[in-house]
Amino acid sequence: MIADRSYSCWLHSEEINDPTIRSYYMDRCTEIVSIGQSSLLQSAVNELRSGIFSMLGVNPSHTDQPQGSHYILVSNLTDLAATEWAIDAETDSSLGEEGYVLRTCEVEGRHGIIVAGKKDRSVLYAAFHLLRLLRSGQRLETLDIREIPANGLRMINQWDNMDGSIERGYAGKSIFYEGNHVTTDLTRVRDYARLLASVGINAIAVNNVNVHEVETRLITDLLPEVAGLAAVFRSYGIQLFLSINYASPVQIGGLATADPLDPGVKQWWAAVADHIYQTIPDFGGFLVKADSEYRPGPFTYGRDHADGANMLAEALEPYGGLVIWRCFVYNCLQDWRDRSTDRAKAAYDTYTQHDGQFRKNVILQIKNGPMDFQVREPVSPLFGGMTATNQMLELQITQEYTGQQRHLCYLVPQWKEILEFDTYAEEQGSTIADIASGSLYGRPLGGIVAVSNIGNDTNWTGHLLAQANLYGFGRLTWNPRLTSEEITREWIELTFGVAPQVVATVSRMLLNSWSIYENYTAPLGVGWMVNSGHHYGPNVDGYEYSKWGTYHFADCHGIGVDRTIRSGTGYAGQYHSLNAEAYESIEACPDELLLFFHHVPYTHQLKSGKTVIQHIYDSHFAGASQAQELIEAWRTLQGKLDENQHQQVSMRLEAQAEHAKEWRDLINTYFYRKSGIPDAENRTIY
């Protein structure tokens, strides 16, 4: 095991030195009774024994019947039903497939803590929940906790390549692959599975959605290596998926076509599916990026996305497999001179016409916004635009456009805004959370997925505080109604301990960091002011004359994209009426999205009373100053945290503060020179 405690993330268990708490837990947590023998139940028992040993220095006994006066009982509800610890039928029936309970009981004078779930996988979730309580010093006498996940699929997408690189990876190399093979040492993969299971993740796609030549063979001759990964994740209740190359029948199958309506193509995929499920019986299915950014797809053959997805779904259906079809489709060869084409409109225009045409085991994976994971953009109108198709929300944990894990940018508050957004698809209260889960329209499949932010850096995420994004994503997928503050406090207490100053200081830093990053980067929803290709660092015109459709249209008079129905691209009309009306109107449009929907003069007055140009100046000066304040706040914790952890974060914050100044000066100078309007505060602009 790696000695650096940052490797353990939120699963690190400090020895409990407080004599009162230690004695209290010693009385209650040193005997584990389990019913059942599955690998998942064994994982649950192992996690409890390991965690309790770290906290108490005593290895709990493990039996199948209570021996002492206090014990922890681990079981699924089916096995529990025939015992004196049976859970009441009403609770049992309400838990669904993955719900669990934590409950104290007294049987024959002995006191137990029941750690039980509907299935063995949910028993593991219950065990991790109990460990969270122990690590934060909670009392256990009157436990009565019932947890049911809001989303059926709680998924991670790895963008790892088999040469060991990671597309949009900012924390080292892949933990899965090296030298175009699955790594032979799966220790770190197992530790990653533990981290994911501890926050309720139940699915993972283990290779990049941009499937290259070697990765295309993961479904054929490299499949035995994939089976090794599947076995590791299986022991932690996580189902394995693969990203596939849509042109596989041609590239590795020897066929002349990948036409989804061709009988030979259908037969080829059916044979592949059969082979996969013989090798990995619990295989989850395929993740597909097709007809997007030069990836092959059904458009090549004059077919549509429903044709392409349904052909694959038909091959997987006999085995219970899913097709997760990404909706990131747009014209990536746009002429920058053309103002009628709008990348933001593409996904809605492409998919809404096929609503209800996809097979029942197809899920459309929709990015949170219409562009590409910007620090601020509106919610995709595809959510609420389709009622008869399974959908899931795609987020990005890896900070491609939000500082690349060199800058602190805690994304849970952003994700909360997205999940709580009201689409008005079915009157008031039609939130993204309810659409993505499938509950709004009674769809059988749904969930939330995110692009992973981990690599083989010792601390997993490059920036130690970026671990909070991975933790927060898992907790939100389980329960989108948790507040940002609740999740933040949980992560801090599990990672750094419960000292009040530490909790308060790190909470402020995390919860303010998204607005700080937004302040010194792209203003008012315009986005994209980054260097092309790698997307790090300020470059106002980095994409302004490119083929990618990511423009801000700044000139000497004003800035922003007119996406109104009245005079622009019409994108605002893709929303349901109340949102469409708000976005259409300059007066009603939220300031933070103004430049996404409107081209306005620099002198346009915002709701704050400031002009657009003064907001640009003020926010960038404020953001750079706030980035410096993050350093000062972190310094107050020196001596109160593990020194190695403190130093890791200090180095990142110092680099961020310097880079924030670069953002400030470059953005402000650009717009001062463009507009000719001076800063009202007469600060230095070059």
Side-chain angles (χ1 to χ4, degrees), residues 157-174 177 207-212 215 243 289 292-295 326 328 330 332-334 336 343 367-369 371-377 394-409 411 414 450-457 460-463 465-466 469 513-514 517-518 520-523 526-552 620 623-624 627 651-667 670:
N157 285 179
Q158 298 294 144
W159 282 2
D160 295 45
N161 303 311
M162 292 189 70
D163 64 2
S165 64
I166 305 172
E167 184 173 335
R168 311 307 180 194
Y170 310 112
K173 294 287 190 177
S174 173
Y177 308 111
N207 63 302
N208 190 356
V209 293
N210 294 311
V211 184
H212 305 122
E215 291 81 2
S243 299
K289 178 179 179 179
S292 174
E293 298 181 329
Y294 309 110
R295 301 308 303 160
R326 294 182 86 235
F328 187 49
Y330 65 97
C332 63
L333 293 172
Q334 186 175 336
W336 60 268
R343 170 173 170 169
K367 287 191 177 185
N368 61 267
M371 297 298 280
D372 193 11
F373 301 129
Q374 297 302 291
V375 69
R376 178 78 67 173
E377 60 180 299
E394 180 182 356
L395 302 171
Q396 190 182 52
I397 308 174
T398 194
Q399 295 170 228
E400 179 179 356
Y401 295 98
T402 51
Q404 301 191 356
Q405 286 145 239
R406 290 182 256 185
H407 294 218
L408 173 60
C409 189
L411 296 170
Q414 181 196 55
V451 184
S452 171
N453 68 339
I454 69 103
N456 69 354
D457 280 3
W460 296 91
T461 55
H463 197 313
L465 298 185
N469 284 327
S513 61
W514 175 39
Y517 187 84
E518 184 177 19
Y520 63 73
T521 55
V526 73
W528 294 104
M529 294 179 176
V530 292
N531 288 298
S532 61
H534 58 77
H535 301 161
Y536 185 74
N539 186 341
V540 182
D541 286 336
Y543 278 97
E544 189 60 17
Y545 306 102
S546 74
K547 61 189 177 184
W548 299 102
T550 51
Y551 314 125
H552 55 70
H620 285 80
M651 292 173 62
R652 294 282 175 165
L653 293 177
E654 288 166 6
Q656 177 178 355
E658 287 303 309
H659 204 220
K661 294 175 187 176
E662 183 73 8
W663 272 98
R664 175 199 66 194
D665 293 341
L666 194 152
I667 300 293
Y670 178 96

For this session: Using atom types as modelled and distance alone, determine if a side-chain donor or acceptor of D163 lies under 3.5 Å from a backbone N or O of S165.
Result: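 It does hold such a pair.
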Problem set entry | Derivation and outcome, side chain to side chain contact (heavy atoms under 4.5 Å, CB included), residues T402 and H407 | CA-CA 7 Å; T402 51; H407 294 218; over 6 Å; no
Problem set entry | Pair D665-H620, side-chain donor/acceptor within less than 3.5 Å |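 There is no such pair between these side chains.
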Exercise. Is it true that the side chains of D541 and Y670 contain a donor and an acceptor less than 3.5 Å apart?
Worked result: yes
Problem set entry | Nearest atoms (heavy-atom pairs only) where D160 meets S174 |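 Closest approach of D160 to S174: OD2-OG, 2.7 Å.
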Seminar exercise, completed: Taking every heavy atom of A660 against every heavy atom of A627, the minimum-distance pair comes out as CB-CB, 3.8 Å
Problem set entry | With sequence neighbours excluded, residues passing ring pair (Phe, Tyr, Trp, His ring centres under 6.0 Å) with F328 |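 Only Y330 meet the ring pair (Phe, Tyr, Trp, His ring centres under 6.0 Å) criterion with F328.
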Exercise. Ring centroid separation for H535 and Y543, is it under 6.0 angstrom?
Worked result: yes
Problem set entry | Full working for side chain to side chain contact (heavy atoms under 4.5 Å, CB included) between Y536 and Q399 | CA-CA 10 Å; Y536 185 74; Q399 295 170 228; over 6 Å; no
Problem set entry | Test side chain to side chain donor-acceptor pair (under 3.5 Å) applied to E167 and N208, step by step | CA-CA 7 Å; E167 184 173 335; N208 190 356; 2.8 Å; yes
For this session: Apply the test side chain to side chain contact (heavy atoms under 4.5 Å, CB included) to residues W159 and Q396: give CA-CA distance (whole Å), side-chain angles for both, the deciding distance (0.1 Å), then the verdict.
Result: CA-CA 11 Å; W159 282 2; Q396 190 182 52; 4.0 Å; yes
pair [X]-[Y]: side-chain heavy atoms closer than 4.5 Å:
| X | Y | result |
| --- | --- | --- |
| V530 | W663 | yes |
| E293 | W548 | yes |
| W336 | E544 | no |

Problem set entry | V451 vs E394, side chain to side chain contact (heavy atoms under 4.5 Å, CB included): CA-CA, chis, key distance, verdict | CA-CA 8 Å; V451 184; E394 180 182 356; 3.9 Å; yes
